[in-house]
Colleague: 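Sending over a structure as structure tokens; questions will come in a sec.
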Amino acid sequence: MTSPDNLPEVPGVPEVPESPVARRGMFGASDSGDTSGYGGLVVRRAPQLSTPRPYGSYFDEVVDSLGLDDAIERVVVDRGELTLHVKRERLVEVCGKLRDDAALRFELSLGVSGVHYPHLTGEELHAVYHLCSITHNRRIRLEVSCPDADPHIPSTVGVYPGNDWHERETYDFFGIVFDGHPALTRIMMPDDWDGHPQRKDYPLGGIPVEYRGATIPSPDQRRSYQ
Amino acid sequence: MSTGYDEATEGKVYSVTGADWDEVVTGVRDSEEERLVVNMGPQHPSTHGVLRLVLTLDGETVTEARGVIGYLHTGIEKNMEYRTWTQGTTFVTRMDYLSPIFNETAYCLGVERLLGIEDRVPDRAQAIRVMMMELNRISSHLVAMGTFGMELGATTPFLFGYRDRELIMDLFEYITGLRMNHAYVRPGGVSVDLPAGAVDKVGEFLKEMPKRIKDIRKLLDENPVYLRRTQDVAYLDLTGCMALGITGPILRAAGLPWDLRKSQPYCGYETYEFDVPTERSCDVFGRYLVRMKEMEESLKIIEQALDRLAGPLKGDPVMIEDKKIGWPAQLALGPDGFGNSPDHIAHIMGSSMEALIHHFKLVTEGFRVPAGQAYASIESPKGELGAHVVSDGGTRPYRVHFREPSFCNLQGFPAMAEGGQVADVIAAVASIDPVMGGVDR
């Protein structure tokens, strides 16, 4: 980022639309002037991926066998892994078919992981399910999103009982409410805890530490490079 | 005696916090209610760490069992979002503190997949990873078996287990510099090559260890007390394992030879010869046998890895050649006791300004990882350890989540314990071998 006091204004630089920008400048630091000469560089956020057919590997077969195209928002094949973005109201149905269909047989659920994307308006909270088929030796990832204003996702405990604690963990850390879960309570944090710690708007905390006259700020106050 | 409860709805409540058992016994003697809720832990020598169990008892029978966790939650996943990708290894190594090398490897494989450098990690680094992981598997199983014996009342296996584990701890200290929390495996390779003499030391260990494993097996394999306490106890069959997402020795003791080292190999495991031991008994004794046999298989793998490290892979690099990712890995022990790379220091301080800037940026800022997500999983001593790693394209992880096998397996403990005896709860928990640092993270 250029600061106005150490660089003259350059006329004729085209304007850059604000929303998809991931960072400006070479190094992503924003707390001091960029003297590298790359201050005008704009790096855009990666676009939302959606892979066209054919997906390659066993992925086409899995998507074909599943057959519930109207329940799937998009399919992403990235780094050799298949991700199905599933509509949240159809999640349980998709899981059930993935587990029971002879051509799919994803018997083993490897739990739920949450991710908070505050910049994705309307789908801020994501729940990510990793499934494994022992019969066919395959893996697949399901991703479900819900808006922050309505953080509800149907529970998959009925299909994969092992997701019980995982959903509690995701609820604890992200505040996603899994509807239909038998006992959705906090699991890691104390029962009377306020807030959901893994959300991006929840501060890490910490205090600055002095060592030999120099003060080291707490980790979330240190310079970050985007 | 507790106060503040509603006798009509909850029945008579006795709270025992100290040495007032007499009071409880006299109080309960005339009661018609047989149901008893006992709270075990979180500080209890046989709960394997800070795990709390809430047991509902009918006489000696457990009718309901619940595990309560979270006492060792340290926020590792949150903290990692504020450190560089390389610094992440120093956090993950502390999760399951009995198998640090596995935590680091799972995380680094995830980062390497995101970077797209899986094929460019040198073979020597992969062989060192395999050797270290298998050593770590033995040390983890030794603790599992040792504490297991102790929790069932036998002190000798505990002493044997810890004595033999010390051999591996010494090796780890010699190779990585630390007994635990190594941060040895790094994205792109390992932090430093094996020091001189390490191959010989591991060779000596390979000669000594089979005897030590035999010693423990002699103590336990046919010990009638041990057999009574473990056979047909904490039964969990294949269906139960699948439904509850249980992996590792528990699953293999239910008869399924599912081992990621065989089925979805990583770090070059497909090039090593070893067997996947299974049992069909689905009980605690089966899990014990699987672990003992796995240690013997691990020795085979270590031997093969060692042959490669001393032979064809001798002198090869242990860190990716890409200077934008790999830290200097040709370290030497300095007079101050710290590892440094004299050649590299001479280069950046004496001859190249650009190299100095580059080194500074690499260490303070870290490397950027292309946006996306990846899931890397490995077979840890407890089961499938998975790392779900998400990047937004920056120099820090956007989100890292671990699929901890201890966490998943511990969930299955009510299924093993309910309907059994109180004493078998201990055997059930011990056979899961949960490490609370990993469960709570």
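First the proteins, then the strands, lettered A, B, ... as listed; each starts at 1.
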Colleague: Taking B/Lys78 for its side chain and A/Arg199 for its backbone only, find out whether a donor-acceptor pair lies under 3.5 Å.
Modeller: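 Checking the backbone N and O of A/Arg199 against the side chain of B/Lys78, a donor-acceptor pair under 3.5 Å is found.
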Colleague: Kindly say whether B/Tyr375 contributes a backbone atom to a donor-acceptor pair with the side chain of A/Glu81 at under 3.5 angstrom?
Modeller: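 Such a contact is found between A/Glu81 side chain and B/Tyr375 backbone.
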Colleague: Could you tell me if the side chain of A/Glu169 sits less than 4.5 Å from the side chain of B/His401, heavy atoms only?
Modeller: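 B/His401 vs A/Glu169: side chains touch.
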Colleague: Where does A/Gln221 contact chain B at under 4.5 Å (heavy atoms): side chain, backbone, both or neither?
Modeller: neither
Colleague: Can you measure from CG (B/Leu256) to CG (A/Leu108) and round to the nearest 0.5 angstrom?
Modeller: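 Interatomic distance, B/Leu256 CG to A/Leu108 CG, rounded to 0.5 Å: 9.5 Å.
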Colleague: Side chain, backbone, both or neither: which part of A/Tyr202 has a non-hydrogen atom closer than 4.5 Å to chain B?
Modeller: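 The answer is both parts of A/Tyr202.
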Colleague: In terms of heavy-atom proximity below 4.5 Å to chain A, should B/Glu118 be classed as side chain, backbone, both, or neither?
Modeller: neither
Colleague: Between B/Arg399 and A/His116, is there a donor-acceptor pair closer than 3.5 Å when you use the side chain of the first and the backbone of the second?
Modeller: no
Colleague: I need the residue from B/Cys241, B/Gly75, B/Gly366, B/Ser377 with the largest number of non-hydrogen atom pairs under 4.5 Å to chain A.
Modeller: B/Ser377
Colleague: Quick one: of A/Met189, A/His130, A/Glu107, who has the most non-hydrogen atom pairs under 4.5 Å with chain B?
Modeller: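 Most heavy-atom pairs under 4.5 Å with chain B: A/His130.
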Colleague: Using a 4.5 angstrom heavy-atom cutoff, name the option from A/Pro161, A/Gly80, A/Gly206 with the most pairs to chain B.
Modeller: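 Result: the option with the highest number of such pairs is A/Pro161.
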Colleague: Check each atom of B/Leu385 against the heavy atoms of chain A and say whether the ones under 4.5 Å are side chain, backbone, both or neither.
Modeller: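 The answer is neither part of B/Leu385.
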Colleague: Sort by residue number and list every member of residues 134-141 of chain A having a non-hydrogen atom under 4.5 Å from chain B.
Modeller: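 Residues A/Ile134, A/Asn137, A/Arg138, A/Arg139, A/Arg141 are the ones that qualify, each having a heavy atom under 4.5 Å from chain B.
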Colleague: Please state whether the side chain, the backbone, both or neither of A/His119 comes within less than 4.5 Å of a heavy atom of chain B.
Modeller: side chain
Colleague: Which heavy atom of B/Trp258 sits nearest a heavy atom of A/Cys132, and at what distance?
Modeller: CZ2-SG, 3.7 Å
Colleague: Determine the option with the most heavy-atom pairs under 4.5 angstrom with chain A, choosing from B/Ala243, B/Gly70, B/Gly245.
Modeller: B/Ala243
Colleague: Does atom CZ of B/Arg280 have more than 12 heavy-atom neighbours, drawn from other residues, nucleotides or ligands, at distances under 6.0 Å?
Modeller: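 At most 12 heavy atoms, drawn from other residues, nucleotides or ligands, come within 6.0 Å of this atom.
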Colleague: Backbone N or O of A/Trp165 within a donor-acceptor pair of the B/Gln411 side chain at under 3.5 Å?
Modeller: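 Between the backbone of A/Trp165 and the side chain of B/Gln411 there is a qualifying donor-acceptor contact (under 3.5 Å).
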Colleague: Check whether A/Val128 gets within reach of chain B through its side chain, its backbone, both or neither, counting any heavy atom under 4.5 Å.
Modeller: side chain
Colleague: Under 6.0 Å from the CG atom of A/Asp194, do we count more than 12 heavy atoms belonging to anything else shown?
Modeller: no
Colleague: Between B/Arg403 and A/Ser113, is there a side-chain heavy-atom distance shorter than 4.5 Å?
Modeller: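 A side-chain contact under 4.5 Å is absent here.
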Colleague: Looking at every heavy atom in both A/Lys200 and B/Tyr398, which two are closest together, and how far apart are they?
Modeller: NZ-O, 2.7 Å
Colleague: For the candidates B/Leu72, B/Leu114, B/Asn79, B/Val439, which exhibits the highest count of non-hydrogen atom pairs separated by less than 4.5 Å from chain A?
Modeller: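 Winner by heavy-atom pair count: B/Leu114.
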Colleague: Looking at A/Thr83, A/Val76, A/Leu110, A/Asp164, which has the largest count of heavy-atom pairs under 4.5 Å with chain B?
Modeller: A/Leu110
Colleague: Answer yes or no: is there a donor N or O on one side and an acceptor on the other, between the side chain of A/Tyr160 and the main chain of B/Met242, under 3.5 Å?
Modeller: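 No, the answer is negative, given that no donor and acceptor are paired below the 3.5 Å cut-off.
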Colleague: Which heavy atom of A/His166 sits nearest to which heavy atom of B/Cys408, and what is that distance?
Modeller: NE2-SG, 3.3 Å
Colleague: So what's closer than 4.5 Å to chain A heavy atoms on B/Phe402: side chain, backbone, both or neither?
Modeller: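 It is neither, since no heavy atom gets under 4.5 Å.
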Colleague: Pick one of side chain, backbone, both or neither for B/Pro405, based on which atoms fall under 4.5 Å of a heavy atom in chain A.
Modeller: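 B/Pro405 has no heavy atom closer than 4.5 Å to chain A.
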